[in-house]
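Just so it is clear, the structure is predicted and the values come from calculations on it, not from any experiment.
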Amino acid sequence: MKKTLSLVLGALLLVVLGCSLGDLTKKDEPAPTPVADKPADSGDKTTTDKPDTTTSSSGTAAVNYENFSKLKLEMSYDEAKGVMGGDGDETSSSKSGSYESKTYQWKDGSKRISARFRNGKLANRNQYGLTDSDGKASISQAKFNEVKTGMTYDDVKKILGDGELTSESKILDRTSASYVWKGPKYSNIRATCSKGELTNRYQSGLQ
């Protein structure tokens with residue numbers, strides 16, 4: 001009986017020792033590295049807003065005789081810009097004491113309008129190429145001969161009709177203006193009035 005009990009105890013001891021040795025010889029396996037959840041793709045991309053560098057024009061200048069006629073002596077440059085529909089190109093400037101002068105030009109191909117400002121006021125305006133050189137004015141050598149220096153512009157209009165203003169200027173209280181009458185085949189009559197009276201005249205291509 002004692003022998004049988006000893007055999008049972010021995011067997012149990014071997015079982016316990018075997019389990020302990022198995023635990024000691026087993027290598028630790030590293031825990032799996034957790035994988036971070038990947039955010040779902042919403043389809044939206046984040047962009048940095050950039051300032052809009054596109055510049056907008058204040059308006060394209062309309063270089064035509066209608067706008068030239070609307071320019072008036074004593075206007076400010078801002079008023080002239082409003083008439084023309086945009087800035088002019090500064091072509092010259094000068095300053096001496098309290099006197100300051102600036103000249104601006106508006107161009108469209110061969111068409112040109114120029115304006116000079118003295119102390120901020122329009123003092124001279126002139127135009128070139130705003131109308132066709134081959135015109136329809138009823139002019140002739142006989143009519144040209146009727147036009148005399150000393151006449152008023154209204155007197156000249158009675159003979160030649162309305163002229164096309166090409167330039168106008170004012171110095172102190174003296175205003176002068178130049179006109180052209182364009183006839184067929186590039187004929188023309190040109191005249192200048194100062195203080196309301198015709199001071200000179202000339203013609204080209206008349207018959």
Side-chain angles (χ1 to χ4, degrees), residues 49-137 139 151-157 160-183 186-204:
D49 292 336
K50 294 182 180 180
D52 186 6
T53 57
T54 304
T55 56
S56 60
S57 173
S58 59
T60 302
V63 184
N64 53 48
Y65 188 73
E66 180 182 0
N67 282 346
F68 176 72
S69 299
K70 293 177 182 178
L71 295 176
K72 302 300 181 182
L73 298 179
E74 303 294 323
M75 265 187 176
S76 67
Y77 175 59
D78 285 340
E79 290 173 323
K81 283 198 304 181
V83 169
M84 295 303 301
D87 287 301
D89 296 320
E90 185 174 336
T91 58
S92 69
S93 63
S94 62
K95 186 173 183 178
S96 177
S98 60
Y99 172 85
E100 184 176 13
S101 173
K102 287 187 178 183
T103 301
Y104 296 88
Q105 182 175 258
W106 291 266
K107 291 182 66 178
D108 181 7
S110 61
K111 300 177 181 179
R112 183 178 69 243
I113 293 176
S114 180
R116 185 169 71 250
F117 296 82
R118 294 195 189 101
N119 292 337
K121 300 295 184 181
L122 182 61
N124 174 272
R125 59 176 174 147
N126 62 74
Q127 59 93 356
Y128 174 80
L130 301 186
T131 61
D132 292 335
S133 298
D134 190 8
K136 297 181 180 180
I139 56 177
M151 282 184 170
T152 65
Y153 176 64
D154 286 339
D155 292 333
V156 177
K157 283 202 303 181
L160 302 176
D162 286 313
E164 176 185 323
L165 181 68
T166 58
S167 68
E168 184 181 30
S169 62
K170 183 177 183 180
I171 301 176
L172 298 177
D173 62 342
R174 182 174 180 175
T175 301
S176 63
S178 296
Y179 300 88
V180 62
W181 290 260
K182 297 176 180 178
Y186 304 101
S187 60
N188 63 72
I189 294 175
R190 295 180 181 271
T192 299
C193 294
S194 179
K195 299 184 71 173
E197 292 186 354
L198 187 68
T199 56
N200 62 63
R201 64 189 179 111
Y202 62 94
Q203 60 88 6
S204 175

Report yes if some heavy atom in the side chain of R201 is under 4.5 Å from a heavy atom in the side chain of V156; otherwise report no. no
So, do S167 and R125 sit near enough that their side-chain heavy atoms are less than 4.5 Å apart? no
Any side-chain heavy-atom pair of L160 and I139 under 4.5 Å: yes
Do T199 and T192 have a side chain donor and acceptor closer than 3.5 Å? no
Tell me, do L71 and L122 make a side-chain contact under 4.5 Å, heavy atoms counted? yes
Sorted by chain and number, sequence neighbours left out, side-chain hydrogen bond (donor to acceptor under 3.5 Å, both in side chains) with N188 holds for none
Criterion side-chain hydrogen bond (donor to acceptor under 3.5 Å, both in side chains) on T152 and E197, from CA distance to verdict: CA-CA 5 Å; T152 65; E197 292 186 354; over 6 Å; no
Going by atom types only, do S194 and S176 share a side-chain donor-acceptor pair under 3.5 Å? no
Are E164 and T131 packed together at the side-chain level, in the sense that at least one heavy-atom pair is separated by less than 4.5 angstrom? yes
Looking at Y104 and T91, what are the two nearest heavy atoms and their distance? N-OG1, 4.3 Å
Does any part of the side chain of Y65, heavy atoms only, come nearer than 4.5 Å to the side chain of Q127, both counted from C-beta? yes
Using modelled atom types only, decide if a donor and an acceptor are shared between the side chain of S101 and the backbone of S94 within a distance under 3.5 Å. no
Is any NZ, NE, NH1 or NH2 atom of the basic residue among D132 and K182 found under 4.0 Å from an Asp or Glu carboxylate oxygen of the other? no
Regarding D78 and K81, does a basic nitrogen lie under 4.0 Å from an acidic carboxylate oxygen? yes
Matching residue for E74 among R118, K170, K121 - test: salt bridge (Lys or Arg N to Asp or Glu O under 4.0 Å): K170
Looking only at heavy atoms, which two atoms of L165 and A177 are closest? And how far apart? CD1-CB, 3.8 Å
Checking Y186 now: which residues fulfil ring pair (Phe, Tyr, Trp, His ring centres under 6.0 Å) with it, not counting sequence neighbours? none
To the nearest 0.5 Å, what is the distance between CD1 (I113) and CG (N64)? 6.5 Å
